[in-house]
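The chains referred to below are lettered A, B, ... by the order of the sequence lines, with proteins before strands, and numbering in each begins at 1.
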Protein chains: 2
Amino acid sequence: MSQEPDLKREAILTAAFAQFSQYGFRRTSMEDIAKATGISRASLYTRFENKEEIFRSACFDINEQSLREVEQVLKGVGGSSTIAARIEDALRVHYGRFLEIAHSPHGSEIYDENNRLCGALVLDSATRLHELLTKAIRAGDRAGEINLKASGLSAGAVAELIQQGAAGLKQGAPDVATFDKRLSGFMRIFFSGLSQK
Amino acid sequence: MSQEPDLKREAILTAAFAQFSQYGFRRTSMEDIAKATGISRASLYTRFENKEEIFRSACFDINEQSLREVEQVLKGVGGSSTIAARIEDALRVHYGRFLEIAHSPHGSEIYDENNRLCGALVLDSATRLHELLTKAIRAGDRAGEINLKASGLSAGAVAELIQQGAAGLKQGAPDVATFDKRLSGFMRIFFSGLSQK
DNA sequence: ATTTGACAAAATACCCATAAATTGTCAATT
DNA sequence: AATTGACAATTTATGGGTATTTTGTCAAAT
């Protein structure tokens, strides 16, 4: 039996994040969020302390959701058979989502608030992604799909390079389609290098 | 015979940029720049329109200087024999310099002003770096050091991946030494992939 | 020919006061 | 029990007035 999800809570966070994306954090009032959710402003306070907590919670959920998907994809649930393809799919899922947010009307304000209010959360998310990637790379090494030894680097160091390299591609991409295409080329070459005997 | 370099001009820009790095753009006055250069404030106006032009000129010079060095390194003047090593050195020169600036006391304000006042210059610089990298990669392909055909990508596309990947590493690096180390691992793996038959 | 001190103009920083918007709470309502 | 209208408190925006800093431009000095 699964925990019953708090639907009202999710409705609030979804509506709130839509407002934040469209009008920015500062220009979105609790009244706006309440109206967008279809409840009264006072009701918001029964579930959340204040606007900052709503923002934090929304970011938290988005991160959790993304990391859960990444974990599933890395497990091979998506159907990709090679470790390279699974990691590529995972990064596509993770960074593609954030690329969309960054390109929303007030993407840069969202980004700033995210760092201000969720600094620890951001770091934690990056750390967990790094752990997942490291695990996947180690698995790929054991399976003989890549050759860590020959690369002269640890699984963690390789994960770092992939993670930061992909982040760079995200930064430079004007849209998701371009990012996807570049990520694909990047992964092909990088994993070709990693599979050298 | 070489153009005589305008020493006073360079002295001003050097002093100005030092002030900008230390105190930020807004908090640095023309008086501060004049004092740091050792001349009167009025003299600044014989060479520069205003503070913004000083900033733009300083950024321009830094970019030019960096691109000139990159060009030299890619030509092999630095002594590196493989194309991979030359590109690695070039990126180290280029991004290492900007990493130091980004880590200066008011790095983020410098970054913002740079985008505000030198938007076109930044784009142009990235484009020129891309062109230099593309040329180097094509040369490496012709020399048989890498195998573009097998990668399925154009020289320009590969240059894009390297450039943005390195930018990602720069973003994620806490200091120059870490960046250098990661860049080294990155390039080893990436070029190993690029040299596949 | 450069460089500079000095001046007027412009921008910035404060301070106060008031108006408007937003927040957080709670008793009353459903 | 959950929701809300309405109230007091807080925060944010606005304007006006003054002091201070900074700017851009000279004519004068080196």
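Of the side-chain N and O atoms in A/Ser43, one or more sit less than 4.0 angstrom from OP1 or OP2 of D/dT4. Considering only side-chain N and O atoms, A/Ser29 lies nowhere under 4.0 angstrom from the phosphate OP1 or OP2 of C/dT22. Considering only side-chain N and O atoms, A/Lys8 lies nowhere under 4.0 angstrom from the phosphate OP1 or OP2 of D/dA2. The side chain of B/Ser40 places an N or O atom within less than 4.0 Å of a non-bridging phosphate oxygen (OP1 or OP2) of C/dT4.
Rounded to a whole Å, the OH atom of B/Tyr45 is 14 Å from the C1' atom of C/dC7. Whole-Å rounding puts the B/Asn50 CG to D/dT25 P distance at 9 Å. Between B/Arg26 atom CZ and D/dT21 atom P there is a gap of 16 Å when expressed in whole angstrom units. In this structure, B/Leu44 places its CG atom 14 Å from P of D/dT22, rounding to the nearest Å. D/dT4 atom C1' lies 12 Å from atom CD of A/Glu31, rounded to whole Å. The distance between atom NZ of B/Lys35 and atom C1' of C/dT3, rounded to the nearest whole Å, is 18 Å. Note: CD (A/Gln19) to P (C/dT22) measures 13 Å, nearest angstrom. At whole-Å resolution of the value, CD in B/Glu52 and P in D/dT22 are 17 Å apart.
Candidate nucleotides C/dG5, C/dT25, C/dC7 were compared by shortest atom distance to the side chain of B/Arg41, and C/dC7 ranks first. Taking the side chain of B/Ala42 as heavy atoms from C-beta on, and the options C/dG5, D/dT23, C/dC26, the nearest nucleotide is C/dG5. Listed nucleotides D/dA6, C/dT3, D/dC26 differ in distance to B/Arg47; the shortest reach to its side chain belongs to C/dT3.
Using cut-offs of 30° and 60° for the angle between ring planes, the B/Phe25 and B/Phe20 rings count as tilted. Aromatic ring orientation, A/Phe179 versus A/Tyr95: perpendicular (interplanar angle above 60°, classes split at 30° and 60°). Between B/Phe98 and B/His94, the angle of the ring planes goes over 60°, which puts this pair in the perpendicular group of the 30/60° scheme.
In this structure, the separation between CD on A/Gln163 and CG on A/Leu129 is 4.5 Å, given to the nearest 0.5 Å.
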Determine whether A/Ile162 and A/Ile137 satisfy the following criterion, side-chain contact (heavy atoms from CB on, under 4.5 Å), listing intermediate values before the conclusion. CA-CA 10 Å; A/Ile162 293 176; A/Ile137 287 165; 3.9 Å; yes
